[in-house]
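Just below is one structure, and these are the notes that go with it.
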Amino acid sequence: MIFSELELSQVERNFTFDFAILEHDLSYFFEKHCLNYALEHIHRFDDRIKDNLYNIRPVILKESLISLTCDLASVSFYRYLNMITFVNLRKDILHYLMTATLTNDDFLPLLETIVNNYFSNLDTLDIPIDSKRLSKQVALVVYYIDNHCDEPLKTNTILKELTLDPEYTKRKFRKELGFTINFYIRHAKLQRAKQLLINTHLPIGEIADKIKFYNSAEFARQFQKEFDVTPSRYRELNQIFYKKES
């Protein structure tokens, strides 16, 4: 198969080259959890291209955003355990980009929103969870919790389901990750809540009920404590790709 070359103007060639450098930098900052640096580089990039932005065809801008989306997803796949989150995020962003009619004015807001969405789904624990460095028992517990967040979860019930020795596994979990299984259950449920806040229009109370999180008041309190923003404000800041159902 021979791929035909897309003819670019000199302005578009310069943009494509500059964006490739930005894409590399954003992937690096994503891996290092440095959102502020990522946004700073985006703003510098915008300053460089804004005078020529309207000389670039929207299809070039769209292809650049698609490339960035896939790049960030690739970084997440080998670095973090919550791969399902990033697979779904990539799917939703790509669907939006492929079906929406984008203008040049949409480019920068979409660029920032894509980056913010990826960063907002990073694990916020002090110790990033890297599956390659975990024992089989601990990795299994983490994987189980991540994939059963909509169920009532209790430490001993999980360990019994996985046929793991309770006391040994609890000690090993805390030693390897620095926190308890109960702590991670709470954290994982709040991460799941972030997905639901972005991907659905469920009321806050229904989200708390769906993830089996005590009650809506406690959910809102714990969410703000964990992420320094209320659930409703988090939804407002991140929900660009999902249109309300009529």
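- Of all heavy-atom pairs spanning Ser216 and Ala208, the tightest one is CA-CB, 3.8 Å.
- Side chains of Lys170 and Asn182: a donor-acceptor N/O pair is absent below 3.5 angstrom, by distance only.
- The OG1 atom of Thr157 sits 11.0 Å away from the CD atom of Glu151 when rounded to the nearest 0.5 Å.
- In this structure, Tyr234 has its ring center closer than 6.0 angstrom to the ring center of Phe223.
- By the rule that hydrophobic residues join a cluster once side-chain heavy atoms approach within less than 4.5 Å of another member, Phe17 and Leu61 end up as members of separate clusters.
- At distances below 3.5 Å, not a single donor-acceptor pair connects side-chain atoms of Lys189 with backbone N or O atoms of Pro152.
- Taking all atoms of both residues into account, the shortest heavy-atom contact from Cys149 to Ile145 is SG-O, 3.2 Å.
- A distance-only check finds no donor-acceptor pair linking the side chain of Arg90 to the backbone of Cys70 [under 3.5 Å].
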Using the side-chain contact (heavy atoms from CB on, under 4.5 Å) rule, take Lys154 and Ile185 through it: C-alpha gap first, then chi angles, then the decisive distance, then the call. CA-CA 8 Å; Lys154 293 184 179 180; Ile185 290 172; 5.9 Å; no
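- The NZ atom of Lys91 lies 10.5 Å from the CD1 atom of Ile93; values are rounded to the nearest 0.5 Å.
- Taken together through direct or relayed side-chain contacts under 4.5 Å among Ile, Leu, Val, Met, Phe, Trp and Tyr, Leu140 and Tyr168 form parts of separate hydrophobic clusters.
- Under the 3.5 Å distance criterion, with hydrogens and angles disregarded, a donor-acceptor pair is assigned to the side chains of Glu218 and Gln222.
- Under a cut-off of 6.0 angstrom, the local environment of NZ in Lys160 is sparse, with at most 12 non-hydrogen atoms contributed by other residues, nucleotides or ligands.
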Leu102 vs Phe107, side-chain contact (heavy atoms from CB on, under 4.5 Å): CA-CA, chis, key distance, verdict: CA-CA 8 Å; Leu102 306 182; Phe107 175 70; over 6 Å; no
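- Residues Ile204 and Ser232 approach most closely at CD1-N, 4.3 Å, considering heavy atoms.
- Contact between Asp105 and Pro109 at its shortest, heavy atoms only, is O-CD, 3.4 Å.
- Looking only at side-chain heavy atoms (C-beta outward), Val115 and Leu68 come within less than 4.5 Å of each other.
- With hydrogens and angles ignored, the 3.5 Å screen pairs a side-chain donor or acceptor of Glu12 with a backbone N or O of Ser9.
- A distance of 5.5 Å separates CG of Leu39 from CG of Asn116, quoted to the nearest 0.5 Å.
- Looking at Val75 and Phe86, their side chains never come closer than 4.5 Å, going by heavy atoms from C-beta outward.
- In the hydrophobic clustering of ILVMFWY residues, with side-chain heavy atoms under 4.5 Å counting as a link, Val59 and Ile66 come out together.
- Judged purely by atom type and a 3.5 angstrom limit, His24 has no side-chain atom pairing as donor or acceptor with the backbone of Ala20.
- Residues Arg235 and Ile207 come closest through the heavy atom pair NH2-CD1, 3.6 Å.
- A donor-acceptor contact shorter than 3.5 Å is absent between the side chain of Ser67 and the backbone of Glu63.
- Hydrophobic clustering (ILVMFWY, side-chain heavy atoms < 4.5 Å, transitive): Tyr37 and Leu72 are in one cluster.
- A 4.5 Å side-chain heavy-atom check between Ile21 and Phe45 finds every atom pair outside the cut-off.
- When all heavy atoms are compared, the tightest approach of His33 to Phe119 is C-CE2, 3.9 Å.
- Residues Tyr144 and Leu164 have side chains not in contact (no heavy-atom distance under 4.5 Å, counting atoms from C-beta outward).
- For the atom pair CD1 (Ile56) and CG (Leu8), the distance works out to 10.0 Å, reported to the nearest 0.5 Å.
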Pair Thr180, Thr155 - check side-chain contact (heavy atoms from CB on, under 4.5 Å), show working. CA-CA 9 Å; Thr180 65; Thr155 296; over 6 Å; no
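- With values rounded to the nearest 0.5 angstrom, Leu22 atom CG is found 6.0 Å from Leu111 atom CG.
- At a threshold of 4.5 Å between side-chain heavy atoms, the hydrophobic network of Ile, Leu, Val, Met, Phe, Trp and Tyr places Leu162 and Leu153 in one connected group.
- Listed for the Tyr184 side chain is no donor-acceptor partner under 3.5 Å among the backbone atoms of Asp146.
- For Lys210 (side chain) and Asp150 (main-chain N/O), no donor-acceptor pair under 3.5 Å exists by modelled atom type.
- Comment: Arg44 engages Glu40 in a salt bridge, judged by a side-chain N to carboxylate O separation of less than 4.0 angstrom.
- Of the possible polar contacts, none joining the Glu176 side chain to the Val138 backbone as a donor-acceptor pair under 3.5 Å is found.
- Atoms CG and CZ, from Leu196 and Arg192 in turn, are 4.0 Å apart once rounded to the nearest 0.5 Å.
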Worked verdict on Arg233 versus Gln224 for side-chain contact (heavy atoms from CB on, under 4.5 Å): CA-CA 10 Å; Arg233 180 58 176 160; Gln224 184 161 13; over 6 Å; no
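- No side-chain heavy atom of Leu190 sits under 4.5 Å from any side-chain heavy atom of Lys194.
- Looking at Asp92 and Asn117, their side chains never come closer than 4.5 Å, going by heavy atoms from C-beta outward.
- Classification of the Phe179-Phe183 ring pair by plane angle, with boundaries at 30° and 60°, yields tilted.
- Under the 4.5 Å side-chain criterion, counting only non-hydrogen atoms from C-beta, Ile42 is in contact with Glu112.
- Taking the side chain as every heavy atom from C-beta outward, Leu26 and Asp71 never approach each other to under 4.5 Å.
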